[in-house]
Chemist: 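Submitted below is the structure of interest, expressed as structure tokens.
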Amino acid sequence: GGGPAVVGSSGQNVADILRYSTLEGALDVLDMMLQWRHLAPTAPDTLNCFPLSDHDPFILESCPLVLFAGNQETFGSRLVEGQDGSKCLLVTLPPFRKAGSAALVNLTTLECSEINFDVAHMTQ
């Protein structure tokens, strides 16, 4: 409660964790970042970031309703529940220029679906 409803990134943080861990997919990384309550645990060591000495802006103070990462290989979603009963929808999105799609999320039910804007398939 009280935190942002939607938190996301352009995906470099997810790619960096995949590069240096045994996690197998972007949804698994998002799940772990939520458990760790940190959006960029590899920064500034292997992920370029300006180091700050007085605070860490990547700490998740509370559980968001939606945690997403762009520039991933595929679209995907997973609903996870914390030990305190809080729910979070994890979403991965491929680059729009590659997939021509976006996510449609119902913030009340946390249902998620991919919507496609590929006009080549709409002209038939």
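All values below come from the heavy atoms of this structure, side chains included, with hydrogens, waters and symmetry mates left out. Worth saying up front: this structure is predicted, and the values here are computed from it rather than measured.
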Chemist: By the side-chain hydrogen bond (donor to acceptor under 3.5 Å, both in side chains) test, which pairs, at least two apart or in different chains, include something from residues 23-33?
Modeler: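 For residues 23-33, and leaving out neighbouring residues, the side-chain hydrogen bond (donor to acceptor under 3.5 Å, both in side chains) pairs sorted by first residue read Asp28-Arg78, Asp31-Gln35.
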Chemist: Give me the atom names and distance for the closest heavy-atom approach of Asn116 to Ala99.
Modeler: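 That closest heavy-atom pairing would be ND2-O, 4.1 Å.
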Chemist: Within this structure, what is the SG-CG distance for the pair Cys112 and Leu90, rounded to the nearest 0.5 Å?
Modeler: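 Those atoms lie 10.0 Å apart.
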Chemist: Among residues at least two apart in sequence or on other chains, which ones pass side chain to side chain donor-acceptor pair (under 3.5 Å) with Ser9?
Modeler: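 Checked Ser9 against side chain to side chain donor-acceptor pair (under 3.5 Å); matches are Asn13.
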Chemist: With the side chain counted from C-beta on, respond yes when Thr74 and Pro94 share a heavy-atom pair under 4.5 Å apart, and no when they do not.
Modeler: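 They are not in side-chain contact.
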Chemist: Who passes side chain to side chain donor-acceptor pair (under 3.5 Å) against Ser86, sequence neighbours left out?
Modeler: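 Expected list: Asp84.
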Chemist: I'd like to know if the side chain of Thr92 and the backbone of Gly76 have a donor-acceptor N/O pair within less than 3.5 Å.
Modeler: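 Yes, the answer is positive, given that a donor and an acceptor are paired below the 3.5 Å cut-off.
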Chemist: Please give me the minimum heavy-atom distance between Leu34 and Cys88, naming the atom from each residue.
Modeler: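 Where Leu34 meets Cys88 most closely, the heavy atoms are CD2-CB, 3.6 Å.
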Chemist: Please name all residues satisfying side chain to side chain donor-acceptor pair (under 3.5 Å) with Ser10, sequence neighbours left out, ordered by chain then number.
Modeler: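 Side chain to side chain donor-acceptor pair (under 3.5 Å) check on Ser10 returns Gln12.
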Chemist: Would you indicate whether the side-chain heavy atoms of Leu107 and Val6 approach each other to under 4.5 Å?
Modeler: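 Yes, their side chains come closer than 4.5 Å.
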Chemist: Can you name the side chain to side chain contact (heavy atoms under 4.5 Å, CB included) partners of Leu110, sequence neighbours left out?
Modeler: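 Leu110: side chain to side chain contact (heavy atoms under 4.5 Å, CB included) contacts with Leu65, Val66, Leu79, Lys87, Leu89.
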Chemist: Applying side chain to side chain contact (heavy atoms under 4.5 Å, CB included), can you list everything that pairs with Thr109, at least two apart in sequence or on another chain?
Modeler: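 Side chain to side chain contact (heavy atoms under 4.5 Å, CB included) check on Thr109 returns Asn106, Glu111.
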Chemist: Check Gln72 against Pro95 and note the closest heavy-atom contact, atom names and distance.
Modeler: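 Taking Gln72 first and Pro95 second, the nearest heavy atoms are O-CD, 3.5 Å.
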Chemist: Heavy atoms, side chains only, cut-off 4.5 Å: are Leu93 and Phe75 in contact?
Modeler: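 Yes. Closest side-chain heavy atoms under 4.5 Å.
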Chemist: Checking side chain to side chain contact (heavy atoms under 4.5 Å, CB included) for the pair Leu39/Leu67: CA distance, chi angles, key distance, verdict?
Modeler: CA-CA 10 Å; Leu39 296 174; Leu67 179 60; 3.7 Å; yes
Chemist: Checking Glu114 now: which residues fulfil side chain to side chain donor-acceptor pair (under 3.5 Å) with it, not counting sequence neighbours?
Modeler: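 With neighbours one apart ignored, the set is Ser101.
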